[in-house]
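Not measured: the values here are computed from a predicted model. Nothing fancy with the numbering, it's 1 onward along the sequence.
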Amino acid sequence: MLTNKQHELLAFIHKRLTETGVAPSFDEMKAALKLKSKSGIHRLITALEERGFIRRLPHRARALEVLKLPGTAAGPRPLATKKGGSAEVIRGNFRPLHGGEIEENTATAVELPLFGRIAAGTPIEALRDPTATIDVPASLLSAGKHYALEVAGDSMIEAGIYDGDTALIEECDIAESGNIVVALIDNEEVTLKRLRRKGASIALEPANKHYETRIFGKDRVRIQGKLIGLYRQY
């Protein structure tokens, strides 16, 4: 799921690369999308990169590569275990539960709303589908409300969170520094990142050395939940 501006920028970059073999400059992108500043383009580029649609090539100016287009993007992976496959539940401390332990815990399962793939540029409420749910072992959940989100992109792989994983989220609007959170930026962009508080600022850290930490004023970031576990399908 991409926003209109993300679609527009991706199409513009793809068209320019196809025609000339050279990616457009930030000024050209800003003009094409009728944005007032380059920071908006930087945010769109980061969102597309985190979602796996483009890649920035190191040590080269204006070097972008389109990896896929929305029509070729892989959809959410099914959560039901297929014949010959296996599922893995991972607690908040990332200790996997295997085999019979999963069966024992799922005897007291809780049905959670399953939101769509977490997508930068989409408020979390827009991902809600009242018909989509997932059964989660009650032992994985704490008190309070919870929901599940499908992860898109590789920006948190060094924290053991992979594209297609289902993140189990505890709803909250306050989180401690170091928690992995669902953060809403400027009331329009949602991302799953590690929260760091730095004085009057908030840093949202990826867990992938190829992505940069983004820093915002406190009034620009709203916490929508914190990660308590993962559900992974093989």
Side-chain angles (χ1 to χ4, degrees), residues 1 43 46-47 49-52 76 79 88-97 105 110-128 133-134 136-233:
M1 182 185 298
R43 188 169 64 188
T46 299
E49 187 176 24
E50 289 183 355
R51 298 274 332 271
L79 293 175
E88 181 177 46
V89 177
I90 304 176
R91 296 182 186 274
N93 63 2
F94 300 102
R95 180 171 62 85
L97 306 174
N105 286 332
V110 175
E111 186 177 78
L112 297 184
L114 176 61
F115 291 5
R117 290 168 71 83
I118 184 169
T122 305
I124 198 68
E125 292 85 355
L127 300 176
R128 187 184 296 272
T133 60
I134 177 177
V136 174
S139 60
L140 292 180
L141 307 178
S142 56
K145 294 183 178 180
H146 301 79
Y147 59 88
L149 271 174
E150 183 135 16
V151 176
D154 62 355
S155 65
M156 296 298 290
I157 58 174
E158 291 167 15
I161 304 171
Y162 297 93
D163 182 72
D165 282 353
T166 298
L168 306 180
I169 306 296
E170 177 186 345
E171 287 190 27
C172 63
D173 55 14
I174 298 175
E176 297 179 1
S177 186
N179 287 160
I180 295 175
V181 302
V182 177
L184 176 64
I185 305 168
D186 295 333
N187 290 318
E188 62 179 23
E189 177 187 352
V190 169
T191 189
L192 184 70
K193 294 290 181 292
R194 192 176 299 279
L195 173 73
R196 298 289 185 191
R197 300 188 184 278
K198 299 180 180 293
S201 299
I202 288 179
L204 298 177
E205 293 181 352
N208 183 329
K209 63 183 179 182
H210 298 296
Y211 298 111
E212 61 184 23
T213 296
R214 302 168 68 190
I215 299 176
F216 303 92
K218 289 183 178 179
D219 59 340
R220 296 181 60 191
V221 177
R222 181 158 60 93
I223 305 303
Q224 297 201 307
K226 63 181 179 181
L227 181 72
I228 61 168
L230 294 172
Y231 191 107
R232 180 172 299 153
Q233 173 69 30

message: Would Ile228 and Leu168 count as a side-chain contact (heavy atoms from CB on, under 4.5 Å) here? Give the steps.
response: CA-CA 6 Å; Ile228 61 168; Leu168 306 180; 4.0 Å; yes
Given side-chain contact (heavy atoms from CB on, under 4.5 Å), test Tyr147 with Leu112 step by step and report yes or no.
-> CA-CA 5 Å; Tyr147 59 88; Leu112 297 184; 5.6 Å; no
Can you tell me how far apart [atom1] ([X]) and [atom2] ([Y]) are? Round to the nearest 0.5 Å.
X      : Y      : atom1 : atom2 : value
Asp173 : Ile223 : CG    : CD1   : 9.0 Å
Thr46  : Glu189 : OG1   : CD    : 8.0 Å
Arg194 : Lys226 : CZ    : NZ    : 13.0 Å
Lys193 : Ile161 : NZ    : CD1   : 9.5 Å
Ile180 : Leu204 : CD1   : CG    : 12.0 Å
Thr166 : Leu149 : OG1   : CG    : 9.0 Å

Between the main-chain N or O of [Y] and the side-chain N or O of [X], is there a donor-acceptor pair closer than 3.5 Å?
X      : Y      : value
Asp165 : Val151 : no
Glu158 : Lys209 : yes
Arg220 : Ile185 : no
Asn179 : Val181 : no

Can you name the closest pair of heavy atoms from [X] and [Y] and give their distance?
X      : Y      : value
Ala167 : Leu230 : CA-CD2, 3.8 Å
Gly164 : Glu150 : O-OE2, 3.1 Å
Glu205 : Thr213 : CG-OG1, 3.7 Å
Arg196 : Ser177 : CA-OG, 3.4 Å
Glu50  : Ser155 : CG-CB, 4.0 Å
Ala175 : Leu195 : O-CD2, 3.6 Å

Do Arg214 and Arg43 make a side-chain contact, defined as non-hydrogen atoms from C-beta onward lying under 4.5 Å apart? yes
Checklist entry - Between Leu114 and Thr133, does a side-chain contact (heavy atoms from CB on, under 4.5 Å) hold up when you go through it step by step? => result CA-CA 5 Å; Leu114 176 61; Thr133 60; 5.5 Å; no
